[in-house]
Amino acid sequence: MTGDVEVFLDDTPGEARGIVTRDGRFERLMIQREDDPPQHRLGARCVGRVIGLRPAFRAAFIDIGGDGPAGFLPLGKGESLGEGEVIEVEVTAEPRQTKGPALKRIGSAQGKPRLVAPGPDVVERLGRIAPGVEPVRGVDAIRAGLEAEAEALASGEVFAEWALDLAVQRTRALIAVDIDHAGIPGRDVRKARDQANRQGLKQAARMIRLRGWGGLVVIDLVGVTLDPAQVSTMAREAFADDDAAFGPLSRFGVLQLALPWRERPVEESLNDAAGRRGLITRAIDVARHLRLAMLSDTATPRFTARCAPEEAAVAVALVRRVGPRATLLSDPKASRGRFVIEEG
């Protein structure tokens with residue numbers, strides 16, 4: 001990773017967050033829950049048993065132990081497996097929506113389905129992305145995580161310095177990117193358009209990376225009479241860190257590319273199946289903001305969080321781990337997801 005890189009580590013009880021910035025902008029947000037099945041972590045190696053074959057898709061479903069859906073193993077040409085066969089596998093993509101983890105075959109194995117070796121945790125992943133860069137912790141890390149989350153959950157962003165309005169949205173089938181340029185009076189129209197496309201591609205790649213997305217990406221560029229070679233160069237530079245596969249530029253100024261799925265998307269880590277902030281997320285929110293208040297003000301002897309009973313029931317164990325200055329109050333009048341941090 002090139003550019004000015006900074007990394008942050010927020011290790012709030014219940015959840016660790018790793019945040020990476022490059023040239024002052026959020027590049028990655030990694031969320032790892034304490035209750036996440038270790039078998040589902042990217043890079044985990046497991047012994048699994050074949051529990052289902054799908055010849056039409058040239059794939060098998062693998063029981064890798066623990067809770068959650070079975071893993072999905074694509075089969076190569078000429079490769080076959082039998083029902084009940086035991087193999088060693090590695091997680092190449094974490095679960096998302098109703099899909100279990102994607103796997104690759106390592107070799108034969110024996111015994112019951114089980115975890116052999118966990119995948120890298122947040123600290124290890126930060127070290128791989130930015131080797132030699134010491135993570136910032138404490139107040140700055142908590143705030144960085146909250147800001148990165150807000151940007152990851154937004155549907156788009158405006159970049160006034162380039163008169164650029166960028167929308168990046170995920171549907172069931174694909175990721176849609178719309179690069180819109182307002183134009184700057186007195187500037188060469190072609191040069192302004194090229195700069196908007198270059199920066200739009202760069203920021204779209206960053207926003208997709210931040211959210212942990214993959215799959216088909218369709219990008220609507222500014223203009224239709226574009227130079228395919230120039231657009232290809234700009235796109236390859238923007239997505240250089242992402243192992244992307246590029247398609248041709250259409251005559252309508254639309255570029256397609258494909259990105260591999262690897263991580264569980266940020267919004268799926270935080271939200272429930274209905275797309276609302278999940279109960280565990282809301283409980284961790286309470287613990288995180290209590291911890292932020294305590295680290296920001298070391299003189300106040302006690303901080304109390306008031307929250308709804310449902311959230312308090314889950315947050316109580318987390319708050320105990322925040323420290324002796326933190327207390328929790330269940331408030332029947334509190335709304336879902338609304339909590340207050342009070343001194344004393």
Side-chain angles (χ1 to χ4, degrees), residues 6-21 26-38 40-42 94 118-127 129-130 133-153 210-212 263-272 276-298 300 302-308 310-330 334 336-343:
E6 192 171 14
V7 299
F8 301 84
L9 177 62
D10 170 13
D11 51 359
T12 290
E15 179 182 276
R17 290 188 176 189
I19 306 99
V20 180
T21 68
F26 293 111
E27 185 84 9
R28 295 180 187 272
L29 172 59
M30 294 165 278
I31 298 175
Q32 185 176 305
R33 294 272 171 86
E34 291 178 353
D35 60 353
D36 288 342
H40 291 174
R41 190 188 303 171
L42 184 66
E94 296 176 344
D121 61 15
V122 167
V123 176
E124 292 173 298
R125 292 178 63 189
L126 288 174
I129 293 170
V133 180
E134 184 66 24
V136 176
R137 301 172 184 256
V139 171
D140 289 341
I142 296 173
R143 289 176 175 162
L146 294 172
E147 292 171 12
E149 176 193 319
E151 184 171 355
L153 296 179
L210 176 66
R211 298 167 184 183
E263 306 166 32
R264 188 180 187 190
V266 167
E267 72 273 16
E268 291 185 19
S269 294
L270 299 175
N271 297 338
D272 58 22
R276 301 185 302 176
R277 207 163 183 82
L279 175 58
I280 301 298
T281 299
R282 302 194 315 265
I284 294 174
D285 285 342
V286 174
R288 175 169 284 116
H289 282 82
L290 263 175
R291 183 166 174 260
L292 176 60
M294 289 170 54
L295 292 175
S296 301
D297 180 358
T298 58
T300 299
R302 187 171 297 277
F303 288 91
T304 300
R306 288 177 175 266
C307 63
E310 181 186 33
E311 291 150 16
V314 179
V316 61
L318 302 175
V319 170
R320 289 195 193 103
R321 293 166 54 193
V322 170
R325 297 166 59 213
T327 58
L328 184 68
L329 182 62
S330 176
R336 178 183 185 272
R338 300 299 181 105
F339 57 88
V340 177
I341 306 297
E342 302 172 336
E343 296 183 4

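Fair warning: this is a prediction, and the values are worked out from it, not measured in the lab. Only heavy atoms go into these numbers, but all of them, side chains included; no hydrogens, no water, no symmetry mates.
For the side-chain hydrogen bond (donor to acceptor under 3.5 Å, both in side chains) condition, no pair includes a residue of residues 134-146, sequence neighbours left out.
One finds the CZ atom of R277 at 11.0 Å from the CG atom of D272 (value rounded to the nearest 0.5 Å). Atom CG in L270 sits 5.0 Å away from atom OG1 in T281 (nearest 0.5 Å). Here the straight-line distance linking atom OG1 of T21 with atom CG of L29 works out to 12.5 Å at 0.5 Å rounding. One distance of note links CD of E124 with CE of M30; it measures 11.5 Å at 0.5 Å rounding. Distance check: T300 OG1 to R325 CZ gives 6.5 Å after rounding to the nearest 0.5 Å. Atom CD of E94 and atom OG of S269 lie 7.5 Å apart (nearest 0.5 Å).
Taking all atoms of both residues into account, the shortest heavy-atom contact from I19 to A141 is CD1-O, 4.0 Å. Closest approach of A326 and L290 over heavy atoms only: CB-CD1, 4.1 Å. Across all their heavy atoms, A130 and V7 have their closest contact at CB-CG1, 3.7 Å. Contact detail for A293 and I341: the closest heavy-atom pair is CB-CG2, 4.0 Å. Contact record, A334 with A308: CB-N, 3.5 Å, taken as the closest heavy-atom pair.
With contacts defined as side-chain heavy-atom distances shorter than 4.5 Å, the pair R41/D36 does not qualify. Taking the side chain as every heavy atom from C-beta outward, V322 and F303 never approach each other to under 4.5 Å. Between R264 and H40 the shortest side-chain heavy-atom distance does not fall below 4.5 Å. Side chains of L295 and I142 form a contact here, defined as non-hydrogen atoms less than 4.5 Å apart. Within the 4.5 Å cutoff, no side-chain heavy atoms of R320 are placed close to those of L328. Contact annotation: the side chain of E311 never approaches that of D285 to less than 4.5 Å [non-hydrogen atoms, C-beta and beyond].
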For this session: Begin from the C-alpha positions of L9 and V123 and carry the test side-chain contact (heavy atoms from CB on, under 4.5 Å) through to its verdict.
Result: CA-CA 8 Å; L9 177 62; V123 176; 3.6 Å; yes
Exercise. Given the rule in the side-chain contact (heavy atoms from CB on, under 4.5 Å) test, do R17 and V122 qualify, once you have shown the distances and angles that lead to the verdict?
Worked result: CA-CA 7 Å; R17 290 188 176 189; V122 167; over 6 Å; no
Problem set entry | Intermediate values then yes/no, side-chain contact (heavy atoms from CB on, under 4.5 Å), L329 and E342 | CA-CA 10 Å; L329 182 62; E342 302 172 336; 5.6 Å; no
Exercise. Yes or no on salt bridge (charged side-chain N to carboxylate O under 4.0 Å, His left out) for R336 and E310, after CA distance, side-chain angles and deciding distance?
Worked result: CA-CA 8 Å; R336 178 183 185 272; E310 181 186 33; 5.2 Å; no
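A donor-acceptor distance shorter than 3.5 angstrom exists from the side chain of R211 to the backbone of A152, with no hydrogens or angles considered.
Each of T12, V139, L318 was checked for a side chain to side chain contact (heavy atoms under 4.5 Å, CB included) with R291, and the lone residue meeting it is T12.
Taking a 6.0 Å sphere around CZ of R33, one finds it holds more than 12 heavy atoms contributed by other residues, nucleotides or ligands.
The pair E263-R125 meets the salt-bridge criterion, with a side-chain N (NZ, NE, NH1 or NH2) lying under 4.0 Å from an Asp/Glu carboxylate O.
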